[in-house]
2 protein chains.
Amino acid sequence: MQKSLSVYDSDGSTFAPLVVIELVSETKEEAIAWLLNRVRDKQQDGGDGDGFLSMAECQYIIKHGLDNLRAKDEAHVPGYPKMKLYPGKSVIRRMQSKGILVQVFPLHEKEELKRLSFSWFKKIKLSFQPLDDIRHYFGEGMALYFGFLEYFTLALIPMALIGIPYYLFDWEDYDKFTVFAGFNLVWCTVILELWKRLSASLAYGWGTLSRKKAFEEPRPGFHGVLGVNPVTGRAEPLYSNAKRQLRIYLLSVPFVLLCLYLSLYVMMIYFDMEGWALMIHDEEPTFWTGLLLFIPSIIYAVVIEIMNLIYRYAAEFLTGWENHRLESTFQNHLVLKVLVFNFFNCFASLFYIAFVMQDMVLLRQSLATLLITSQILNQIMEAFLPYWLQRRRNKKAHKRMIKTMEDKELPLSEQVKLEADMSTYLGTFDDYLELFLLFGYVSLFSCVYPLAAVLVVLNNVTEVYSDAFKMCKVFKRPFSEPAANIGVWQLAFEAMSVIAVVTNCALIGMSPQVKSYFPESETQLILWVVGFEHFLLASKFILTFVIPDVPKHIQIKLSRLEFESLEALKKRVRKPQTSVWISWVYEVYG
Amino acid sequence: MQKSLSVYDSDGSTFAPLVVIELVSETKEEAIAWLLNRVRDKQQDGGDGDGFLSMAECQYIIKHGLDNLRAKDEAHVPGYPKMKLYPGKSVIRRMQSKGILVQVFPLHEKEELKRLSFSWFKKIKLSFQPLDDIRHYFGEGMALYFGFLEYFTLALIPMALIGIPYYLFDWEDYDKFTVFAGFNLVWCTVILELWKRLSASLAYGWGTLSRKKAFEEPRPGFHGVLGVNPVTGRAEPLYSNAKRQLRIYLLSVPFVLLCLYLSLYVMMIYFDMEGWALMIHDEEPTFWTGLLLFIPSIIYAVVIEIMNLIYRYAAEFLTGWENHRLESTFQNHLVLKVLVFNFFNCFASLFYIAFVMQDMVLLRQSLATLLITSQILNQIMEAFLPYWLQRRRNKKAHKRMIKTMEDKELPLSEQVKLEADMSTYLGTFDDYLELFLLFGYVSLFSCVYPLAAVLVVLNNVTEVYSDAFKMCKVFKRPFSEPAANIGVWQLAFEAMSVIAVVTNCALIGMSPQVKSYFPESETQLILWVVGFEHFLLASKFILTFVIPDVPKHIQIKLSRLEFESLEALKKRVRKPQTSVWISWVYEVYG
């Protein structure tokens with residue numbers, strides 16, 4: 001594929017390469033020379049980061065450097081007159097879009113990877129994940145995801161345990177019923193709050209807790225006219241917020257609404273199929289017609305997954321086109337778009353069955369089918385599909401790669417070629433999204449289908465291993481991302497738990513067992529349920545307010561840090577403080 | 001009263017005194033000498049603050065110094081063997097409690113005060129308050145209170161204007177009704193959000209916006225065993241949190257509950273009186289019996305005010321006894337105690353009438369009576385009572401004082417004596433509390449009594465002037481308090497606006513006009529109302545979330561500040577950043 005292969009270094013000595021920039025074979029020499037020069041411009045003198053920084057951090061720094069390689073005065077990429085450049089345009093991005101630059105990716109470190117994957121998923125005995133090692137190799141963002149996955153799984157176990165007897169002996173009398181729902185609701189709130197504290201301690205340990213958001217550089221995709229950043233005073237592309245708002249409200253919002261309408265339409269078709277299957281079953285009920293009853297839900301589940309997938313890419317494109325300056329705001333808008341749709345797409349039918357048709361049997365059945373099908377599909381999509389794709393793409397290489405993981409004699413060029421062929425990991429977004437939807441299946445209708453928690457726990461246990469496997473074996477090594485928390489997902493999960501309160505209370509109110517307690521007047525029943533719901537919501541918010549987000553011992557450490565920096569500042573700028581105040585004191589005494 | 005009067009200064013020269021420490025006549029010389037020495041110990045060399053700091057700031061610094069004058073090794077106050085001292089005990093506090101030290105207060109500055117009071121309330125034409133001057137003379141805390149008072153008044157005007165026609169033509173048909181309530185609810189949310197932004201801009205202008213909470217010194221009342229502060233590493237009294245929790249849960253909480261029970265009991269007596277008055281009126285209705293109908297509400301209103309007053313002091317004592325380390329936590333606990341009781345005490349009867357008796361006529365009547373009576377009482381308690389007390393306490397001095405405000409020839413000793421006799425301002429707490437309750441009267445049952453907003457606006461307009469007057473003429477000059485926002489009160493007002501959503505929706509649901517829309521089934525009605533309420537609550541939280549708390553231009557300024565400090569730090573500690581990463585880059589090219 002490439003003619004020559006040379007290890008480049010400023011002083012010509014050999015070294016351990018960290019990041020690979022792959023260019024197409026017939027790239028013009030001048031373009032390469034120019035790119036190297038521009039890259040070298042970014043270089044500043046300073047101490048060597050070896051040892052001081054983890055490998056992941058070094059790679060992050062390189063990525064950051066490349067992403068912020070922006071055109072200044074070049075009209076076009078040297079050697080490619082058609083490849084226009086304008087000030088502020090990301091060079092790498094443009095070369096990528098024009099197809100000169102194939103990809104930029106960090107290299108795996110065989111030794112470390114081997115150690116990591118052993119302690120992570122090769123051991124037989126079940127144990128906690130080596131979060132610190134994961135963070136060291138993949139960065140904080142990834143480590144927080146796996147930490148959350150593990151925490152979430154453990155946190156669901158009590159719900160699962162309590163759920164089992166409810167399912168086995170189907171307890172459905174009033175008190176047990178409400179107790180179960182009540183427990184779930186409080187539990188959801190508590191685990192989300194405790195996660196905040198746990199993630200705070202993790203982030204503190206990794207030194208990312210008090211990361212300043214304000215200093216985020218513009219994201220790679222961001223383009224605009226070169227101007228002056230009001231905060232830093234540096235030259236940087238700017239893009240008017242008004243334009244962005246226009247794009248959001250005139251295109252993104254209508255698009256999302258359209259998609260919601262479509263998903264509603266599909267739902268209606270599903271209900272037609274449902275009724276049709278039921279009709280056939282009722283005509284002459286056989287074992288096969290019995291199976292047939294599940295077919296519509298399964299098909300619907302598959303369709304939902306497909307729609308989610310397509311929408312996912314559309315949303316990413318749209319949000320990119322909205323041209324947000326910061327990665328974080330980009331993420332927020334993307335997450336919002338995707339969440340609204342996925343939530344609607346996955347749960348609309350369940351809401352319809354629960355509150356319009358009020359058919360609890362069907363609700364339970366289709367909840368189970370949706371949950372199980374989507375889990376199976378996800379496992380396939382996530383681990384096996386990329387794996388299989390890759391095999392197909394490059395059978396030999398794949399075999400060799402598996403081998404490589406064992407022997408470390410393979411020459412560098414080989415390793416590079418192998419990893420270049422591995423498929424790319426698209427970030428933790430989809431993994432979080434999946435957890436979010438699972439959380440929805442567990443919490444929203446928990447009191448109708450107590451087994452949901454059990455299924456989710458089982459799913460997550462396998463999830464941990466399949467995710468770990470795919471990170472180490474299937475995907476290219478991703479660039480590490482520093483992170484202080486799971487960001488907007490915390491909010492998303494909390495919102496879900498609030499909705500869960502409403503739905504569960506409504507379900508309790510609708511259950512015949514509860515209805516039987518208020519035979520005389522339905523009004524009484526509803527008022528009671530509403531009161532109960534308001535009480536739950538209130539106590540939820542009080543709980544959120546009472547439990548501090550950062551553990552005490554870390555708060556103390558943080559404020560000590562602040563205090564010391566302030567003291568250091570004082571030493572430099574001497575302010576007149578308690579200075580000469582005695583000379584102002586004036587006493588009246590006898 | 002005092003034998004000799006001497007202007008004390010380290011180098012003997014005369015100067016403008018800022019703060020007065022009044023000791024009883026027969027104080028022992030050695031105690032005075034000791035106190036002066038201890039005070040002088042606090043002195044540090046440094047630039048003179050004149051000009052650089054406002055007078056209010058200088059006085060704050062002095063107060064801060066005196067408050068943190070803590071006993072080290074002294075066993076007792078010299079000359080007073082009985083007056084025990086132990087390490088960490090606030091000296092001033094102990095001398096005050098033992099009655100040697102009468103009071104510590106800052107002096108008024110006649111010239112400035114004259115200018116301020118002219119631009120504040122002596123001008124005939126209505127205008128905005130001179131917040132910056134207020135801040136300069138009384139400090140940020142006071143300025144923020146008056147800013148909030150003014151903003152709150154202006155913000156209520158639209159509600160008042162809309163309310164008037166509803167009252168005059170008593171519109172009560174469904175749509176208008178819900179429109180009015182709906183508007184009020186959204187309006188309440190919006191004004192509270194906008195206030196956050198306004199106060200942020202004010203605080204930024206005064207340089208208190210990004211004040212660090214972490215560096216609060218222990219409050220004067222705080223006592224404990226001298227230990228080492230984990231944050232600053234300084235010697236400082238410490239008090240175990242466990243003990244504090246015990247005190248809170250074993251004494252404070254039960255006390256509050258007891259008070260709530262009492263207030264409930266009083267409420268029941270009120271309803272008995274109500275029924276009794278009604279009975280008399282029904283026997284032979286005359287003009288006088290017509291008046292009699294209002295008597296119970298008036299009496300009840302007076303009783304409520306008295307109970308609030310007594311409880312207020314009890315709560316302050318209890319919270320002080322809980323021995324919180326920081327002034328802020330002390331305030332939070334005090335506010336929580338007082339709010340819970342006052343809310344219950346003022347509104348319990350209205351809730352009972354509205355939702356248990358469901359008697360809208362009585363609700364409207366007693367709401368009006370409570371509101372008006374409490375307003376009148378407050379005006380009396382706040383401005384006239386202290387004024388009158390002071391007259392009684394010192395008729396001559398008072399007359400002279402009024403004169404003093406005009407001529408500036410009065411000798412210092414005279415001014416000191418005069419101001420020593422003025423009554424003490426107890427802080428903005430009660431003023432905020434009053435606004436909070438007024439806000440409750442406006443928002444909770446707004447759709448029953450649309451005129452409430454009008455009354456509150458009128459009340460506030462007079463309030464501005466009476467408060468301004470009492471600050472400048474009636475009270476001693478208070479020590480200034482730096483503040484970045486109205487603190488816990490923001491939260492209190494928001495909580496109130498949430499409760500208002502619930503109550504108003506319930507009232508709408510109960511109104512006959514709305515009931516008439518659902519003649520067939522009450523269930524339908526309730527479901528609709530609940531749905532509407534949930535929609536309102538949801539949009540409320542979204543609104544709170546969407547509107548940024550700090551205006552954009554100030555966010556930019558703040559982050560620029562942060563950025564610059566970070567840059568300064570970088571210069572000192574050189575970290576290897578994008579440094580030598582080029583030497584790690586590795587290309588595959590043809």
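This is a predicted model, so every value here is computed, not measured.
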Okay, Leu525(A) and chain B: the region with an atom under 4.5 Å from a heavy atom over there is neither
field: Over 12 non-hydrogen atoms of neighbours within 6.0 angstrom of CZ in Phe535(B)
entry: no
Exercise. Answer yes or no: does atom NZ of Lys552(A) have more than 12 heavy-atom neighbours from other residues, nucleotides or ligands under 6.0 Å?
Key: no
Taken in chain and number order and not counting sequence neighbours, the residues that satisfy side chain to side chain donor-acceptor pair (under 3.5 Å) with Glu522(A) are Thr523(B)
Taken to the nearest 0.5 Å, the spacing of Asn229(A) CG from Phe563(B) CZ works out to 8.0 Å
Turns out that what part of Val102(A) lies under 4.5 Å from chain B's heavy atoms comes down to neither
For Glu533(A), the side chain to side chain donor-acceptor pair (under 3.5 Å) test, sequence neighbours excluded, returns His534(B)
So, the part of Val502(B) with a heavy atom under 4.5 Å from chain A: the answer is side chain
Under 4.5 Å to a heavy atom of chain A? For Leu491(B) that would be side chain
- Greater than 12 external heavy atoms within 6.0 Å of Trp34(A)'s CH2: yes
The interface call for Ile556(A) against chain B, heavy-atom contacts under 4.5 Å, is both
If one checks every heavy atom of Leu35(A) against chain B at 4.5 Å, the contacting part turns out to be neither
